[in-house]
Amino acid sequence: MAQKPSIPKGTRDFSPLEMIRRNYIFDTIRNVFLNYGYQPIETPAMENLSTLTGKYGEEGDRLLFKILNSGDFLKKTNLDDFANPNINNITSKICEKGLRYDLTVPFARYVVQNRNDITFPFKRYQIQPVWRADKPQKGRYREFYQCDVDVIGSNSLINEVELILIIDEVFVKLGINTTIKINNRKILSGIAEIIGEADKIIDITIAIDKLEKIGLEKVNEELEAKGLSQDAIDSLQPILNLEGLLKDKFPKLMEILADSEVGMKGIYETMTVLKHLKELNLKNKWSLDLTLARGLNYYTGAIIEVATDDMKIGSICGGGRYDDLTGIFGLPDVSGVGISFGADRIYDVMNELDLFPKEGLQTSQAMLVNFGSEEEKYCLKILKEIRDKGISAELYPDSAKMKKQMKYADQKSIPFVILIGVEEMESGLFTLKNMSTGEQQKVDMDQLIKILKK
RNA sequence: GUGGAUGUAGCUCAGUUGGUUAGAGUACUAGAUUGUGGUUCUAGGUGUCGCCGGUUCAAAUCCGGUCUUCCACCCCA
């Protein structure tokens, strides 16, 4: 054998069984999206690098897959570029395209580009793969599918509520127990403002986000390392320690954030959303989590993240509101909010917990045994009649040994085998074999159809 | 990007302190069964021991590099 072929790191092939299960996830999610009035779009796998860079933070830029210019990709470079190599400088000269990192930024670009043809508020869903040059591990791939729903051009908090309803419905349908965590970037901004470190908002949120994972002490260490003053860290403590019931949390928060306009706005927004949720009887658990931060830079309002309690795999759904994503592309004052389901992680969870429906592979309902060229001709006509009745059927393509043909039907779990040889051709009857019981009977076309239709 | 583990038949895995010809199960192919699958029996390919290099009389085994997969960090779906 020659060199074994392989696929790039972090990418995967999907077998027929895996595809059936993946499609089950996609179909379930898509149907919920449609039910809530969202419409599909697709965008290209690659975008201009200028569309992508700077939208995801420093880490995000590092994880962008860049595409080498076609043709003589060195023609814009000169010897000086290589004498004192600067990766960013060289990259900008040899790459002008990149693979999409998520679906939200391309969506914002789409909205700006098509603004005259879009009726706002625009509710769209999009199910496509995205690529990240990350180091693969469990639940982390370099190519994976996101299922995004966003509504853009509406400030109403009803949108947030509806998106959370979608989350609840999708995971009920898939049978996954989840906790939906909700927070608001404005609250986080307010906190940063109150402790006098407004410019360090990103460092603060990233550190706070780790609270559950590494504990209060380590978080404080990290804050100190990022250059926060001891005073600021001290005044942050009451917030980090804020636990208990919702009705207790809010008054305390309002007290702390009373002097911050943004902070108060964030509290108002969050309270409005949570009030609605209380009325709506969600099946999944949900909670206000002040430590939820989310790394993506463009969020400005509500932020949402969903994890399952039954498996350690990170978040399986996340999103939030972004007020100025289209502004970057030249269309200001259009706010959007959306969430993204991670289909591949959802697959891993369902696989681990054995949540897929038990139906096996979809196969033909019946297989006709191939006895030779005369029988083949006869069988093709029979086959057409069967298929015209809406029954999936196939003829074994070669007149191989009976044993081989039976084995094929057995392994593909085809429930019925039809034998048509010389004898059957003369009598006009078919020999029908039930593969699970092993029983055989002679039937005419009407009886055959009747049995196969069951 | 940092640190750690891993790689042997298509698949799941054995393989002793370096030692001569590399193993089991399963899957696969043929036959027992020329118009009958699953169970059974028999016979058989199962192989660059991830890849490249080094040490040695001798390397699956020791050393270095590289790639893959997995784990932790970072970050994220």
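Just so you know, these numbers come straight off a predicted model, no measurement behind them.
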(Q) Regarding A:Gly372, tell me which of base, sugar-phosphate or nothing describes its non-hydrogen contacts under 4.0 Å with the strands shown. (A) nothing
When the side chains of residues 159-167 of chain A are checked against the rest of the protein, which donor-acceptor pairs come out under 3.5 Å, sequence neighbours left out?
from, atom 1, to, atom 2, distance (Å)
A:Asn159, ND2, A:Ser154, OG, 2.7
A:Asn159, ND2, A:Ser156, O, 3.0
A:Glu160, OE1, A:Arg321, NH2, 3.0
A:Glu160, OE2, A:Arg321, NE, 2.6
A:Glu160, OE2, A:Arg321, NH2, 3.4

Q) Between the main-chain N or O of A:Ser340 and the side-chain N or O of A:Asp148, is there a donor-acceptor pair closer than 3.5 Å? A) no
Q. To the side chain of A:Arg132, which of B:rC76, B:rC75, B:rC70 is closest?
A. B:rC76
Q) Is any side-chain N of the basic residue among A:Glu269 and A:Arg185 closer than 4.0 Å to the acidic one's carboxylate O? A) no
(Q) Using the P atom as the point on both nucleotides, what is the distance between B:rG25 and B:rG65, in whole Å? (A) 39 Å
Q: Would you mind reading off the distance between A:Lys181 atom NZ and B:rC76 atom P, rounded to a whole angstrom?
A: 14 Å
Q | Most 5' of A:Thr11 and A:Gly342 on RNA chain B, judged by nearest nucleotide | A | A:Thr11
Q.
Distance check, P atoms only: B:rA60 and B:rG53, in whole angstrom units.
A. 14 Å
Q. How does protein reach along nucleotides 31-44 of chain B, written 5' to 3' as B (base within reach of a heavy atom under 4.0 Å), S (only sugar-phosphate), or - (no contact)?
A. S---BBBB------
Q: Find the distance A:Glu222:CD to B:rC75:C1' and express it as a whole number of Å.
A: 12 Å
Q | Full working for side chain to side chain donor-acceptor pair (under 3.5 Å) between A:Gln126 and A:Asp150 | A | CA-CA 9 Å; A:Gln126 188 172 355; A:Asp150 289 76; over 6 Å; no
Q) Which pairs with one or both residues in residues 432-454 of chain A pass ring pair (Phe, Tyr, Trp, His ring centres under 6.0 Å), sequence neighbours excluded? A) none
Q. With a 4.0 Å cut-off, would you call A:Lys226 and A:Glu197 a salt bridge?
A. no
Q: Using a strict cut-off of less than 4.0 Å between a Lys/Arg side-chain nitrogen and an Asp/Glu carboxylate oxygen, indicate whether A:Asp410 and A:Lys407 qualify as a salt bridge.
A: no
Q: Sorted by first residue and then second, give each ring pair (Phe, Tyr, Trp, His ring centres under 6.0 Å) pair with at least one member in residues 398-436 of chain A; sequence neighbours left out.
A: A:Tyr396-A:Tyr408
Q: Whole angstrom is fine here: how far is it from CD in A:Gln126 over to C1' in B:rA77?
A: 15 Å
Q) Base, sugar-phosphate, or nothing: which does A:Gly139 touch, judged by heavy atoms less than 4.0 Å apart? A) base
Q: Would you kindly check whether a donor in the side chain of A:Lys135 faces an acceptor in the base of B:rU2, or vice versa, at under 3.5 angstrom?
A: yes
Q) Can you check the A:Asp134 CG to B:rC70 P distance for me, whole Å? A) 13 Å
Q: Calculate the interatomic distance between A:Gln137 atom CD and B:rU68 atom P; express it in whole Å.
A: 15 Å
Q. Distance between the C1' atoms of B:rC28 and B:rG45, in whole angstroms?
A. 9 Å
Q) Going by modelled atom types, is there a donor-acceptor pair between the base of B:rC76 and the side chain of A:Arg345 at under 3.5 Å? A) yes
Q | Ring centroids of A:Phe341 and B:rA77 base under 5.5 Å with planes under 30° | A | no
**Q.** Those residues that, when tested against A:Glu59, pass side chain to side chain contact (heavy atoms under 4.5 Å, CB included) (two or more places apart)
**A.** A:Arg62, A:Leu63
Q) How does RNA chain B read in dot-bracket, base by base from 5' to 3', with Watson-Crick or G-U pairs under 3.5 Å and | used when the partner is on another strand? A) (((((.(..((((.....[...))))((((((.......))))).)...(((((..]....)))))).)))))....
Q. Using atom C1' of each nucleotide, how far apart are B:rU20 and B:rG15 to the nearest Å?
A. 16 Å
Q) Using atom C1' of each nucleotide, how far apart are B:rG47 and B:rA27 to the nearest Å? A) 16 Å
(Q) By the 4.0 Å heavy-atom rule, please label A:Gln146 as base, sugar-phosphate, or nothing. (A) sugar-phosphate
